[in-house]
Amino acid sequence: MRESTPVEFLVVGECVVDVVRTPGEPDRPYPGGSPANVALGLARLGRSTALLTQLGADEGGALVRRHLEAAGVLLHTDGAAEPTPRAVVTLDGHGRADYEFAIGWTLRPTPVPAARRVHVGSVGAVLEPGAATVRALLREQRAAGARVSFDPNVRPALFGERAAGLAAVEECVALSHLVKASDEDLEWLYPGVPAAETAARWLALGPRTVVVTRGAAGAFALTDGGGCAVDAVPAEVVDTVGAGDSFMSALLTALPEQPLPDALRTAATAAALTVGRAGANPPSAAELAAALR
């Protein structure tokens, strides 16, 4: 089902209020959720972006709505009365994040704007019953000519049995043109299998490009024509919340215009800017351009 006003990007997935908890400090609520963070990053980079999600009529929902709409994200919801999902994000002394979730995902078929590119990811692609709606929408959008991207952004506590989570992830991989995952995602999905081997396996399922991020070790990409890798961009880490989502947003905006190695460097720079400040706070187009210079 489509609405009339087209956008460049349609992002589908959950919004979450991240309650960031650091020992000795008061809790800090931030708008988050991987797909919402990607939508925010795309909008800040100047791309017309819609987000299909679920938001509660509560304080958390209002916080997320204000945050996304201030950046220009067009919000579309299915009108469900579910509470806005929450995640308690506990940071260690190095800014690394551990998550505990309270999330329901019951997305129903909902009219969406026409889009040239569609991105899905994380809990919204796996957690039932809403994930079935998401995957059906992916098939519909791809059949209509949209280019599809996917980031599993694995949350083990919400992915259920590994076999079921893996089946849902591989279905989305097969429907996508571009897939991005972290080495930690791949280790949970395929324990003990080298990341490069899994990337090659995914490439054989149908995507044109598979990108794997490796934290401080940088990132690499595989295509049918070969591969490339980039180092991480040095940064003073405040926390790592939203870094992978900023990488994804910047990669999506860069790839049509830049060769793959340059697009990876652009994405790595966006991630470095994000880890240098608190919460999922991706850079604007001006900030990213200045950092690249």
Side-chain angles (χ1 to χ4, degrees), residues 9-16 18 31-43 45 47 49-54 64 68 73 76 85 87 97 99 101 103 105 107 112 115 117-128 130-139 141-142 146-160 165-186 188-189 198-199 202 205-207 209-213 219 240-253 255 267 270-271 274 280 282:
F9 286 95
L10 171 65
V11 181
V12 185
E14 72 277 4
C15 292
V16 179
D18 290 332
S34 177
N37 293 341
V38 172
L40 176 70
L42 289 167
L45 292 173
R47 305 307 173 106
T49 304
L51 173 66
L52 174 61
T53 190
Q54 291 186 302
V64 172
L68 293 173
V73 177
H76 297 260
Y99 294 82
F101 295 95
I103 293 180
W105 182 243
L107 187 72
V112 295
R117 303 172 71 183
V118 178
H119 176 77
V120 301
S122 199
V123 177
V126 174
L127 188 62
E128 300 296 353
T133 301
V134 173
R135 295 193 296 272
L137 179 62
L138 266 192
R139 289 190 288 270
Q141 294 287 322
R142 177 164 178 141
R147 292 183 61 82
V148 174
S149 58
F150 172 58
D151 177 0
N153 197 31
V154 171
R155 300 292 181 235
L158 297 171
F159 271 47
L166 178 58
V169 165
E170 289 190 340
E171 182 177 352
C172 291
V173 168
L175 288 167
S176 300
H177 299 90
L178 167 66
V179 179
K180 190 275 286 182
S182 72
D183 52 1
E184 293 178 345
D185 294 336
L186 300 185
W188 187 84
L189 291 165
T198 298
W202 279 8
L205 293 177
T209 306
V210 175
V211 175
V212 178
T213 58
T240 60
V241 178
D245 303 321
S246 291
F247 185 104
M248 186 82 239
S249 299
L251 182 67
L252 288 170
T253 61
L255 265 182
T274 302

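From a predicted model like this one, the values you see are computed outputs, not experimental measurements. Residues take their numbers from the sequence shown, with the count starting at 1.
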Smallest separation among heavy atoms of Val169 and Trp202, with atom names: CG1-CZ2, 3.8 Å
Option from Asp185, Asp245, Asp151 for which salt bridge (charged side-chain N to carboxylate O under 4.0 Å, His left out) with Lys180 holds: Asp151
Heavy-atom closest pair, residues Ala43 and Val73: CB-CG2, 3.7 Å
Shortest non-hydrogen contact between Thr53 and Gly13, atoms and distance: OG1-O, 2.7 Å
Leu40 side chain near Pro282 side chain, heavy-atom distance below 4.5 Å: yes
Atom pair CG (Asp18) and CG (Asn37), whose distance is rounded to the nearest 0.5 Å: 7.0 Å
Donor-acceptor under 3.5 Å (Ser149 side chain, Val179 main chain): no
Expected output: side-chain Ser249 to main-chain Val38 donor-acceptor under 3.5 Å: yes
CG on Leu178 to CZ on Arg117, rounded to 0.5 Å: 8.0 Å
Over all atoms of both residues, closest heavy-atom pair of Leu175 and Arg139: CD2-CG, 3.6 Å
Any donor-acceptor N/O pair, Arg47 side chain to Phe9 backbone, under 3.5 Å: no
Any Leu205 side-chain heavy atom under 4.5 Å of Glu170 side chain: yes
CG-OG1 distance between Asp183 and Thr198, expressed to the nearest 0.5 angstrom: 11.0 Å
Student check: side-chain heavy atoms of Cys15 and Leu51 closer than 4.5 Å: yes
Check: Gln141 and Val112 side chains under 4.5 Å, non-hydrogen atoms: yes
Chi angles and distances behind the side-chain contact (heavy atoms from CB on, under 4.5 Å) call for Phe159, Val154: CA-CA 7 Å; Phe159 271 47; Val154 171; 3.9 Å; yes
Least distance between heavy atoms, Trp105 atom then Leu127 atom: CD1-O, 3.2 Å
Interatomic distance, Glu14 atom CD to Leu52 atom CG [nearest 0.5 angstrom]: 11.5 Å
Pairwise side-chain contact, Val126 with Leu158, heavy-atom cut-off 4.5 Å (strictly under): no
Spatial distance of atom NE2 (His119) from atom OG1 (Thr49) [nearest 0.5 Å]: 11.0 Å
Interatomic distance, Glu171 atom CD to Arg135 atom CZ [nearest 0.5 angstrom]: 5.0 Å
Side chains of Thr274 and Ser246, donor plus acceptor under 3.5 Å: yes
Exercise: identify the closest heavy-atom pair between Val12 and Pro35: O-CB, 3.9 Å
Test side-chain contact (heavy atoms from CB on, under 4.5 Å) applied to Val211 and Phe247, step by step: CA-CA 11 Å; Val211 175; Phe247 185 104; 3.9 Å; yes
Pair Leu137-Thr133, side-chain contact (heavy atoms from CB on, under 4.5 Å): steps then yes or no: CA-CA 6 Å; Leu137 179 62; Thr133 301; 5.6 Å; no
Thr253 (side chain) donor-acceptor with Ala250 (main chain) under 3.5 angstrom: yes
